[in-house]
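Below is one structure; the comments refer to it alone.
Proteins get letters first, then strands, A, B, ... in listed order; numbering begins at 1 in each. Keep in mind that this is a model prediction, so the values were computed, not measured.
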2 protein chains.
Amino acid sequence: MPPALNYRFQLIFIVVELVDERRPVRIISDRQLSEMVSDLRHAIERRKMVLLIGLCKVDYRGRASSTLDYGERLVILKTDGSIQIHRPWDVNPVNWQPPDCIFHVDLVDNSFLRIRAIRKSPREIVDIIFKEVYFSSVLDLVDKGVFSLYASEHDMQRAIMINPELVEDGLRIISYEKPVEPGFIDLYGIDSKGRFVVLELKRRVADRDAIVQLSRYVEEIKRRSPYREVRGILVAPDISRNALTLLKTLHLEFKRLDPKKCAEVLRRKVSEVKLTDFFRGKQ
Amino acid sequence: MPPALNYRFQLIFIVVELVDERRPVRIISDRQLSEMVSDLRHAIERRKMVLLIGLCKVDYRGRASSTLDYGERLVILKTDGSIQIHRPWDVNPVNWQPPDCIFHVDLVDNSFLRIRAIRKSPREIVDIIFKEVYFSSVLDLVDKGVFSLYASEHDMQRAIMINPELVEDGLRIISYEKPVEPGFIDLYGIDSKGRFVVLELKRRVADRDAIVQLSRYVEEIKRRSPYREVRGILVAPDISRNALTLLKTLHLEFKRLDPKKCAEVLRRKVSEVKLTDFFRGKQ
DNA sequence: CTATGCATGTCGATA
DNA sequence: TATCGACGTGCATAG
């Protein structure tokens with residue numbers, strides 16, 4: 001009797017992980033329009049960024065309405081559901097739709113590619129009809145870079161709170177964004193002689209509107225404190241001629257201050273804080 | 001003696017015109033950085049539109065200043081000398097420079113591509129440093145399409161000039177953009193009872209500022225014509241609650257009018273004019 | 001939603 | 001160039 005054959009099967013699974021290099025730019029031009037439609041729908045569903053370059057016309061209906069005849073343009077769909085149509089010139093898009101749009105991609109008359117971006121509120125529609133698409137691609141961009149802006153009005157506010165002498169010696173700031181009837185006072189303080197001071201900040205040349213704004217706040221504070229003297233100071237890098245006239249008429253004051261100088265002050269302040277940290281904590 | 005040889009040379013020039021198909025999109029990625037530099041310079045000199053997609057950081061110094069750390073973005077250079085840097089989200093570019101910039105393309109540290117956009121006035125600089133360029137292309141777009149926008153404030157003005165009864169029966173418009181002390185009166189007319197009428201137009205919900213503006217104009221006209229009654233009418237699709245209160249306090253009036261209805265009136269007007277042309281001229 | 005004010009606002013017209 | 005006002009302003013924030 002032949003010995004029983006013992007077969008043992010050992011199953012070995014080999015797991016292969018396909019590590020492909022990430023392709024941030026995938027070109028999908030040179031395809032049949034119908035293929036392109038499904039590619040675009042696929043990309044949009046996955047909230048990819050999409051570029052389209054081609055011959056198109058654009059219609060917009062919403063708060064206003066507009067038409068744009070056929071021409072060659074760049075269309076950008078972004079991950080946040082915004083869209084923009086760029087002509088070869090102008091920094092601003094000729095048509096656009098803000099974030100959170102719903103995109104529809106369709107083939108119309110079997111030979112035109114239509115991108116429709118619908119915004120819910122206010123109800124607005126942008127229709128792009130491509131007669132020809134020269135190029136299109138799906139982008140998979142990773143952007144975690146921090147964006148920092150300096151010399152904003154907010155920087156001016158913080159700088160003056162830290163260094164009130166940027167405006168005037170002896171000034172003490174007692175509140176910021178102080179709510180009053182018509183809005184909020186940028187900065188509010190008391191001067192060396194005990195007078196209330198209303199500060200209105202502008203990061204660029206102050207115009208008449210800035211003066212009107214300041215005046216409203218000063219009047220409100222005067223109404224609240226009939227027995228205190230109240231000063232109104234417009235703080236800006238410059239003031240227009242008309243605004244200066246109005247300012248003088250209303251017995252308000254102007255203090256020239258460059259927002260960049262404020263950014264400088266803040267930068268120095270940050271360094272000081274870091275140095276203090278270093279000597280106190282790290283040593 | 002052998003006969004003299006007479007050689008005659010006739011030069012025939014054959015002119016060959018190389019008619020190549022226009023290529024609106026030329027991709028210049030996958031090149032050595034140094035090659036790319038010269039390609040980009042070449043394109044920029046010829047005022048071509050350029051797209052760049054890659055890993056970059058951005059610095060801006062000018063009216064304000066900003067920094068943006070490394071991340072993957074789309075950069076667009078346009079034919080008018082404007083530039084914009086787009087993140088994968090936001091309809092607005094994170095950094096930009098308006099038209100008429102001067103562009104510089106350089107290789108820095110032998111391995112980074114730098115695009116520098118310089119604006120003359122105000123003096124501003126945007127620096128883009130590419131660590132990596134995934135894709136770049138030169139676009140040669142032709143865009144002669146006419147852009148038309150309807151339902152703007154200007155449309156409202158024209159519609160009311162043609163059809164004053166959009167505001168009120170018996171109103172006659174006597175001037176537009178009438179210059180007065182603080183600015184320009186949108187529309188100025190006389191009502192059925194011979195009173196002066198100052199019209200302030202807004203294409204969207206009117207706020208307090210609109211009322212302040214109207215009030216200033218009305219006061220100026222009253223000053224000029226102390227013996228005439230003067231009305232001030234705010235014409236807008238809607239008015240904010242605060243603005244309505246202020247309006248009543250100042251004894252001004254509000255006339256609801258939709259800019260789209262104005263666009264409609266104009267469209268009808270244009271059709272009529274065309275019909276008139278047809279019957280008078282073309283027949 | 002409405003109201004308010006900033007923005008590297010942009011853009012165009014005008015003095 | 002400086003000023004002024006409109007804009008599909010956009011955008012954030014507060015109530």
Side-chain angles (χ1 to χ4, degrees), chain A residues 60-66 82 90-99 119 121-126 147 149-157 177 179-186 200-210 213 216-217 238-245 259-260 263, chain B residues 58-66 82 84-85 90-99 117 119-126 147 149-157 177 179 182-186 200-210 213 238-245 259-260 263:
Chain A
Y60 155 70
R61 297 186 307 286
R63 286 164 292 175
S65 57
S66 72
S82 67
D90 278 359
V91 71
N92 286 335
V94 60
N95 282 108
W96 73 94
Q97 206 68 282
R119 185 187 184 186
S121 168
R123 181 79 178 177
E124 299 194 290
I125 297 180
V126 167
F147 178 71
L149 180 68
Y150 309 96
S152 62
E153 186 180 290
H154 187 238
D155 278 2
M156 292 179 76
Q157 195 186 53
E177 303 297 337
V180 289
E181 159 36 28
F184 297 85
I185 295 177
D186 288 336
E200 175 65 31
L201 313 182
K202 289 294 162 203
R203 69 165 308 286
R204 54 173 182 169
V205 185
D207 57 11
R208 246 184 7 223
D209 274 355
Q213 209 174 331
R216 278 206 298 254
Y217 296 144
D238 204 349
I239 184 167
S240 78
R241 183 171 301 275
N242 268 356
L244 186 61
T245 310
K260 288 181 207 171
Chain B
V58 187
D59 282 288
Y60 156 69
R61 298 186 307 286
R63 286 163 292 173
S65 57
S66 71
S82 66
Q84 38 197 308
I85 297 107
D90 279 357
V91 72
N92 287 334
V94 60
N95 282 106
W96 72 92
Q97 205 67 274
R119 184 187 185 187
K120 276 281 147 44
S121 168
R123 181 80 179 176
E124 299 194 290
I125 298 179
V126 167
F147 178 72
L149 178 68
Y150 308 98
S152 62
E153 188 181 289
H154 187 237
D155 278 1
M156 291 180 76
Q157 197 186 51
E177 302 298 338
F184 296 84
I185 296 176
D186 288 335
E200 174 68 29
L201 313 182
K202 290 291 162 203
R203 71 165 307 288
R204 54 173 184 172
V205 186
D207 56 12
R208 243 186 9 223
D209 274 355
Q213 211 172 327
D238 205 349
I239 184 167
S240 77
R241 184 172 300 278
N242 269 354
L244 186 60
T245 311
K260 286 182 205 171

Is the shortest side-chain N/O distance from A:Asn242 to OP1 or OP2 of D:dC4 below 4.0 Å? yes
For D:dC11 and D:dC7, measure between their C1' atoms and round to the nearest Å. 14 Å
Any base atoms under 4.0 Å from B:Phe147, or only sugar-phosphate, or nothing? Heavy atoms, all strands. nothing
Any sub-3.5 Å donor-acceptor pair from A:Glu124's side-chain atoms to A:Arg63's backbone N or O? yes
Whether the side chain of B:Lys260 engages the backbone of A:Gly62 through a donor-acceptor N/O pair (distance < 3.5 Å, no angle test) should be reported. yes
Taking OP1 and OP2 of C:dG9, is either one under 4.0 Å from a side-chain nitrogen or oxygen of A:Arg203? yes
Report yes or no: does B:Tyr150 contribute a side-chain atom to a donor-acceptor pair with the main-chain N or O of A:Ala64 at less than 3.5 Å? no
Any side-chain N or O of B:Ser66 less than 4.0 Å from the OP1 or OP2 oxygen of C:dT8? no
Should the side chain of A:Asn95 and the base of D:dG8 be counted as holding a donor-acceptor pair, with the cut-off at 3.5 Å? yes
With nearest nucleotides of DNA chain C determined for B:Pro99 and B:Glu124 from heavy-atom distances, which residue corresponds to the more 5′ nucleotide? B:Glu124
Give one of base, sugar-phosphate or nothing for B:Gln157, where a contact means two heavy atoms less than 4.0 Å apart. nothing
If I pick the P atom on D:dG8 and the same atom on C:dT4, what distance separates them, to the nearest angstrom? 23 Å
Given atom CG of B:Asp207 and atom P of C:dT2, what is their separation to the nearest angstrom? 13 Å
Comparing A:Tyr150 with B:Pro98, nearest DNA chain C nucleotide closer to 5' gives the residue A:Tyr150
Looking for any heavy atom pair under 4.0 Å, which part of the strands does A:Gln213 touch: base, sugar-phosphate only, or nothing? sugar-phosphate
Using a cut-off of strictly less than 4.0 Å, decide whether A:Tyr217 has a side-chain nitrogen or oxygen near OP1 or OP2 of C:dG5. yes
Just the rounded figure in Å: distance from P of C:dA7 to CG of A:Leu201. 10 Å
Touch check for A:Ser152, heavy atoms < 4.0 angstrom, all strands: base, sugar-phosphate only, or nothing? sugar-phosphate
Go through the steps for B:Phe147 and A:Ser66 under the test side chain to side chain contact (heavy atoms under 4.5 Å, CB included), then give the verdict. CA-CA 7 Å; B:Phe147 178 72; A:Ser66 72; 3.6 Å; yes
Is A:Arg63 close enough to D:dG10 that one of its side-chain N or O atoms is under 4.0 Å from OP1 or OP2 there? yes
Grab the CD1-P distance between A:Ile185 and C:dT4 for me, whole Å please. 15 Å
Whole angstroms only, please: what is the CG-C1' distance between A:Asp209 and C:dC6? 13 Å
Taking CG from B:Asp90 and P from D:dC11, how many angstroms apart are they, rounded to a whole number? 7 Å
In whole angstrom, give the distance that lies between atom CD of B:Glu177 and atom C1' of C:dA15. 15 Å
In this structure, how many angstroms lie between the C1' atom of C:dT10 and the CG atom of B:Asn92, rounded? 10 Å
Check the geometry between A:Phe184 and D:dA14 and answer yes if their rings are stacked (centres below 5.5 Å, planes below 30°), otherwise no. no
Does B:Trp96 make a side-chain N or O approach to OP1 or OP2 of C:dG9 shorter than 4.0 Å? no
To the nearest 0.5 Å, tell me how far B:Leu201 CG sits from B:Asp155 CG. 11.5 Å
Classify A:Arg204 by what it touches in the nucleic acid, base, sugar-phosphate, or nothing, heavy-atom distance under 4.0 Å. base
Would you mind classifying the nucleic acid contact of B:Val126 as base, sugar-phosphate or nothing, using non-hydrogen atoms under 4.0 angstrom? nothing
Is there a side-chain polar atom (N or O) of B:Arg241 under 4.0 Å from OP1 or OP2 of C:dA3? no
Hey, does the side chain of A:Asp207 reach the backbone of A:Ala210 with a donor-acceptor pair shorter than 3.5 angstrom? yes
Side-chain donor or acceptor of A:Glu153 under 3.5 Å from a matching atom on the base of C:dG5? no
Under 4.0 Å between any heavy atoms, over every strand shown, what does A:Gln97 touch: base, sugar-phosphate, or nothing? Just pick one. base
At 4.0 Å (heavy atoms only), tell me whether B:Ser65 reaches a base, stays on the sugar-phosphate, or touches nothing. nothing
Separation of atom CD1 in B:Ile239 from atom C1' in C:dA3, rounded to whole Å: 13 Å
Looking only at atom types and distance, does a side-chain atom of B:Gln84 sit under 3.5 Å from a main-chain N or O of A:Val91, one as donor and one as acceptor? yes
Which comes earlier along DNA chain D counting from the 5' end, the contact point of B:Leu149 or that of B:Ser121, where each point is its nearest nucleotide? B:Ser121
